[in-house]
Amino acid sequence: MLNNIIPENELKFIEDNFEKYQKAEERLTYLESYKNALKALLMMESHSPTVAGKEMTAYASEEYQVWCKDYAQAKSEFSALKLKIEVARMKCELWRSQEASNRMIDRTIR
């Protein structure tokens, strides 16, 4: 497995996906921030006399259900990309450690 690690490819993967990662994080942050605004807007539309009733109406609304699906998808995309980038970084570190070990072995053999 270590012989198959090409650090240049791993670094290229990170570089090629940096903007995608940034946009995924931006979308996730926006959706997290928008949750409270959406809930407030939906509660304002409710005809329920109680706060609990307004909240229940907001959470049951189609708009909130769409937000939940969008949020789940954004979270999944962000997490997957974050993990892939972390794995690429760890592969570079693993390769680096192996190369250091190889140099040590070469020195002791001489």
Side-chain angles (χ1 to χ4, degrees):
M1 179 179 173
L2 293 178
N3 297 337
N4 297 336
I5 296 174
I6 303 169
E8 291 83 6
N9 292 352
E10 303 303 329
L11 293 171
K12 176 117 177 69
F13 173 82
I14 293 170
E15 184 179 7
D16 290 348
N17 286 282
F18 176 77
E19 195 169 313
K20 198 174 180 182
Y21 176 83
Q22 187 178 18
K23 291 198 182 296
E25 185 175 33
E26 180 181 329
R27 181 168 183 253
L28 185 60
T29 300
Y30 168 77
L31 286 170
E32 287 171 345
S33 299
Y34 182 64
K35 177 184 179 183
N36 292 335
L38 176 62
K39 181 180 167 187
L41 290 169
L42 294 170
M43 286 177 72
M44 284 175 41
E45 293 174 1
S46 175
H47 298 296
S48 178
T50 66
V51 172
K54 290 179 183 290
E55 188 173 47
M56 186 171 63
T57 302
Y59 286 142
S61 73
E62 185 177 331
E63 294 96 335
Y64 191 81
Q65 299 306 310
V66 168
W67 175 89
C68 288
K69 287 178 185 171
D70 287 347
Y71 180 77
Q73 181 182 359
K75 182 76 171 178
S76 176
E77 289 171 6
F78 174 75
S79 296
L81 196 51
K82 182 177 181 178
L83 288 173
K84 286 177 183 177
I85 288 172
E86 182 63 20
V87 166
R89 190 186 69 72
M90 289 181 349
K91 283 181 179 179
C92 288
E93 288 298 316
L94 186 61
W95 176 85
R96 188 172 151 243
S97 294
Q98 186 62 47
E99 287 298 304
S101 295
N102 290 344
R103 285 191 300 275
M104 180 86 79
I105 291 169
D106 286 346
R107 280 187 229 136
T108 53
I109 291 176
R110 289 182 196 173

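Count residues from 1 along the sequence. These numbers come from the heavy atoms of this one structure, side chains and all, not from hydrogens, waters or symmetry mates.
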*Could you tell me the separation between the CZ atom of Arg103 and the CD atom of Gln98, rounded to the nearest 0.5 Å?*
10.5 Å

*Output the distance between atom OG1 (Thr50) and atom CD (Glu55), rounded to the nearest 0.5 Å.*
9.5 Å

*What distance do Glu26 atom CD and Glu19 atom CD have between them, rounded to the nearest 0.5 Å?*
10.0 Å

_Taking Glu99 first and then Arg96, would you say they form a salt bridge - that is, a charged N and a carboxylate O separated by under 4.0 Å?_
no

*When clusters are formed by joining ILVMFWY residues with side-chain heavy atoms under 4.5 Å apart, either directly or through shared neighbours, do Met56 and Trp67 land in the same one?*
no

_Nearest heavy-atom neighbours spanning Gln73 and Arg27_ = C-NH1, 4.4 Å

*Report yes if some heavy atom in the side chain of Leu81 is under 4.5 Å from a heavy atom in the side chain of Lys20; otherwise report no.*
yes

*Closest heavy-atom contact between Gly53 and Ser48?*
CA-OG, 3.2 Å

*Just by distance, do the side chain of Thr108 and the backbone of Ile105 share a donor-acceptor pair under 3.5 Å?*
yes

*Enter the distance from Ile6:CD1 to Asn4:CG here, rounded to the nearest 0.5 Å.*
7.5 Å

*Got a second to check how far Leu11's CG is from Asp16's CG, nearest 0.5 Å?*
10.5 Å

*Is it true that Met43 and Leu41 fall in one hydrophobic cluster, defined by side-chain heavy atoms closer than 4.5 Å?*
no

*Test ring pair (Phe, Tyr, Trp, His ring centres under 6.0 Å) applied to Phe13 - qualifying residues, sequence neighbours left out*: none

*Going by an N to O cut-off under 4.0 Å, is there a salt bridge joining Glu86 and Arg89?*
yes

*Other hydrophobic cluster members with Met104, side-chain heavy atoms of Ile/Leu/Val/Met/Phe/Trp/Tyr under 4.5 Å, chained?*
none

*Any chain of hydrophobic side-chain contacts (each under 4.5 Å) joining Ile85 to Ile5?*
no

*asked:* Hydrophobic cluster membership, with links at side-chain heavy-atom distances under 4.5 Å among I/L/V/M/F/W/Y: are Phe18 and Met90 in one?
replied: no

*Which atom names give the shortest non-hydrogen contact between Ala74 and Leu31, and what distance separates them?*
CB-CD1, 3.6 Å

_Spatial distance of atom SG (Cys92) from atom CD (Glu8) [nearest 0.5 Å]_ = 8.5 Å

*Polar side-chain atom of Ser97 near backbone of Glu93 as donor-acceptor pair, under 3.5 Å*: yes

*Qualifying residues under ring pair (Phe, Tyr, Trp, His ring centres under 6.0 Å), relative to Tyr59, sequence neighbours excluded*: Tyr64

*Decide side chain to side chain contact (heavy atoms under 4.5 Å, CB included) for Thr29 and Glu25; before the verdict, give the C-alpha distance in whole Å, the side-chain angles of both, and the deciding distance to 0.1 Å.*
CA-CA 6 Å; Thr29 300; Glu25 185 175 33; 4.3 Å; yes

*Same apolar cluster (I L V M F W Y, side chains within < 4.5 Å links), Leu94/Val87*: no

*Determine the minimum heavy-atom distance between Thr57 and Ser46, stating which atoms define it.*
OG1-OG, 3.5 Å

